[in-house]
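Heads up: the structure comes next, in structure tokens.
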2 protein chains.
Amino acid sequence: MAATMKDIARRTGLGLATISSYFNGGNVREKNRVKIEEAIEELHYEVNEVARGLKTNATKTIGVVIPELNNTFCAEIITEMEDVLRSHGYATIVCDCRTDKKLERDAVEFLSRKRVDGIINMPVDTEGNHLKKFQKTGKPIVLIDRKIQEISCDSVLVDNEKAAEDAMRVFFQAGHRKIGIIGGPEEISTAQERLQGYRSAYEKENLPVQESLIYHGDYTIQGGVKGLEKLVADNPDMTAVFVTNYEMTMGAVIGVNELALKIPEQLSMIGFDNLQFARACNPKLTIVAQPTPSIAREVAGIMLKRLEEGDAGNTERIAEKLDAEIIMGKSVRAI
Amino acid sequence: MAATMKDIARRTGLGLATISSYFNGGNVREKNRVKIEEAIEELHYEVNEVARGLKTNATKTIGVVIPELNNTFCAEIITEMEDVLRSHGYATIVCDCRTDKKLERDAVEFLSRKRVDGIINMPVDTEGNHLKKFQKTGKPIVLIDRKIQEISCDSVLVDNEKAAEDAMRVFFQAGHRKIGIIGGPEEISTAQERLQGYRSAYEKENLPVQESLIYHGDYTIQGGVKGLEKLVADNPDMTAVFVTNYEMTMGAVIGVNELALKIPEQLSMIGFDNLQFARACNPKLTIVAQPTPSIAREVAGIMLKRLEEGDAGNTERIAEKLDAEIIMGKSVRAI
DNA sequence: GTGAAAGCGCTAACAT
DNA sequence: ATGTTAGCGCTTTCAC
């Protein structure tokens with residue numbers, strides 16, 4: 001068995017309170033400090049955080065619930081977030097709910113039983129039913145990427161409408177008028193916003209939106225393949241296509257290859273996220289890149305802030321909104 | 001505060017042991033079962049796994065330490081593993097050590113303090129120093145992908161030498177003789193094995209290996225870019241290149257694009273992992289694909305097995321070895 | 001500054 | 001089958 005504080009107490013002849021105080025930054029006489037440290041060394045003592053957690057009612061553990069770990073956007077954010085949280089002593093339990101509302105709910109319940117101190121969530125259920133019970137515990141919730149009207153909590157979002165408008169402007173300035181869009185699931189806020197950006201861009205050009213140019217995808221690779229095929233089939237006069245997340249971008253590129261289309265000669269394209277993939281495309285893809293490291297750091301920062309302010313969490317809800325960036329490649333032809 | 005078993009005991013008039021027994025599959029009189037379930041419902045009771053963990057000395061939590069979450073191979077394995085473990089009631093704490101030995105050691109210590117029930121590790125430190133202390137606890141360790149001589153524990157590996165030989169055979173059969181390789185870090189076992197496969201393949205053809213065709217990369221995208229550039233520059237007569245992990249494959253493709261080389265007319269290529277990326281390449285890339293879902297399920301299965309057999313872990317060490325598969329594309333030209 | 005003792009929520013041994 | 005009780009390893013009053 002591992003050594004306990006009792007063992008240290010016995011060995012040093014000190015009381016439990018002194019040892020505990022030593023570990024919690026209290027004042028301990030120099031002589032005793034040395035004794036304690038020797039004992040720790042010899043007994044290979046390590047604080048038992050489970051016991052501490054039971055007593056303090058805090059596990060120093062954050063739960064993260066995301067739709068797909070196996071998704072660059074999510075993976076990048078988690079990598080960075082976990083880094084920040086761990087450096088503050090917090091462990092991160094990641095639950096991948098496979099874009100399934102039922103599994104998402106299960107995950108939150110699971111984390112709740114594990115008594116995590118807070119939950120970070122990129123929500124699948126846009127009504128937030130999965131979070132309502134957890135919220136009653138008063139523990140902090142921070143939402144990433146997608147907002148939920150019904151849940152009052154902090155969130156870190158990207159200005160998707162602006163990002164989409166920016167991308168569309170690139171097309172318009174290059175002379176494109178018939179621009180297709182491979183959008184996301186209609187109930188997801190990011191998809192709504194990106195589509196809204198697409199529509200506003202047309203409006204600002206005083207051009208009508210042609211509904212056949214809009215494809216509602218599902219944010220998966222296969223969805224991107226299908227979307228591209230359908231848009232191309234339905235719109236012989238389409239000269240460009242805007243793809244609204246990374247997985248579908250990969251799918252659209254696969255579609256282009258399998259249809260043996262030439263980019264940008266036959267079709268111009270702007271994709272989403274993952275600069276490295278964009279560079280690996282030939283010609284290099286122009287993309288909208290979301291600021292994943294900033295998102296991650298913002299989220300982790302807000303969570304840590306809420307954690308340390310404790311019950312005083314009556315302060316205003318934070319709703320950070322970050323800007324995406326266009327990274328130019330050679331996949332848009334001037335016509 | 002959340003309800004406790006005491007609250008349920010009070011409300012039902014039963015003793016603590018009965019409630020506990022109810023939750024642990026013991027026999028409880030039908031009448032009482034109903035009463036308990038009503039109380040649970042009304043009080044919104046949830047087992048406190050922290051308290052349970054303190055008592056049982058088991059946290060139902062597995063620690064996972066990997067070099068880069070932000071790496072498809074790792075992400076795919078973790079997704080699948082976490083799924084299996086969670087369905088058995090285990091939480092997974094993932095620590096990304098950024099391919100840094102120091103951070104890897106920190107991660108293991110962190111998990112040790114968190115009292116995880118076992119550790120799954122894709123090791124960076126090939127001497128396993130980071131695991132020695134944890135191993136003394138007697139808790140199970142399962143290694144993924146890379147073996148460590150000094151540590152006696154279970155492992156799930158891929159037959160890398162065979163995988164590399166298979167890939168090389170594709171080149172030889174297409175008539176290639178001057179084949180470059182972008183290998184991994186020399187101290188990592190997978191890299192050694194893949195390189196060994198490359199050498200054996202040449203041997204079996206009774207052809208000498210030309211050292212200038214060997215590049216030692218670092219398993220990163222940027223390393224792949226550099227490797228390709230150097231091999232091309234140093235070997236004007238090279239007709240094919242074998243890239244030995246996914247990140248470097250992406251890098252090599254970037255390199256090819258930036259040098260404006262034509263695949264497979266000017267250079268044939270076989271990459272590693274990630275079928276979707278291979279499909280997104282034009283022409284479709286031929287790749288060696290590792291069986292990530294099988295690896296993940298094997299690892300999770302072994303861990304669960306060790307966990308349930310408890311101290312009886314004196315059984316033989318398991319060393320699973322799985323086969324990779326070649327997925328043909330159009331990136332190898334017959335000459 | 002330090003020691004004694006209570007108690008966090010649970011499980012398990014023992015008694016009934 | 002159920003109740004009583006001790007104790008897992010820690011923190012935290014409360015004395016001294």
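Every value quoted in this text rests on a predicted model; they were computed, and no experiment measured them. Here is how names work: the chains are called A, B, and so on, in the same order as the sequence lines, proteins then strands, and each is numbered from 1.
Ring centroids of B/Tyr45 and B/Phe23 are separated by less than 6.0 Å, placing the two rings close together.
Distances shorter than 4.0 Å separate some side-chain N or O of B/Asn27 from OP1 or OP2 on D/dA1. At least one side-chain nitrogen or oxygen of B/Thr18 sits closer than 4.0 Å to the OP1 or OP2 atom of D/dG3. The phosphate of D/dC8 (OP1 or OP2) has no side-chain N or O of A/Asn48 nearer than 4.0 angstrom. Taking only side-chain nitrogens and oxygens, B/Tyr22 never comes nearer than 4.0 Å to OP1 or OP2 of C/dT11.
Nucleic acid contact class of B/Thr4 (heavy atoms, under 4.0 Å, all strands): sugar-phosphate only. Contact annotation for A/Val28: backbone-only contact, meaning every heavy-atom pair under 4.0 Å involves sugar-phosphate atoms and none involves a base.
Residues B/Lys114 and B/Thr59 form no side-chain contact, since every pair of their non-hydrogen atoms from C-beta on lies 4.5 Å or further apart. With contacts defined as side-chain heavy-atom distances shorter than 4.5 Å, the pair A/Arg98/B/Thr79 qualifies. Side-chain contact check for A/His130 versus A/Ile148: some heavy-atom pair is nearer than 4.5 Å.
In this structure, the nucleotide among D/dC8, C/dC10, C/dT11 sitting nearest to the side chain of B/Ser20 is C/dT11. Distance from the side chain of B/Asn32 is smallest for D/dT2 among the nucleotides D/dT2, D/dC8, C/dT11. For B/Leu54, whose side chain is taken as the heavy atoms from C-beta onward, the closest listed nucleotide among C/dT11, C/dG9, D/dT2 is C/dG9. The side chain of B/Leu16 sits closest to D/dT4 out of D/dT4, C/dG1, D/dC10. Each of D/dT2, C/dG3, D/dT11 was ranked by its minimum atom distance to the side chain of A/Ala17; first place goes to C/dG3. Comparing atom distances between the A/Thr56 side chain and each of D/dT5, D/dT11, D/dG9 picks out D/dT11 as nearest.
Both B/Tyr45 and A/Leu14 lie close to DNA chain C; mapped to their nearest nucleotides by heavy-atom distance, the more 5′-ward contact belongs to A/Leu14.
Interatomic distance, CZ of B/Arg297 versus OG1 of B/Thr292, reported as 9.0 Å (0.5 Å rounding).
Rounded to whole Å, atom C1' of D/dG9 lies 19 Å from atom CZ of B/Arg52. Between the CG atom of B/Asp7 and the C1' atom of C/dC10 there is a distance of 13 Å, rounded to whole Å.
For a distance-only test at 3.5 Å, the side chain of A/Lys55 qualifies as a donor-acceptor partner of the base of C/dG7.
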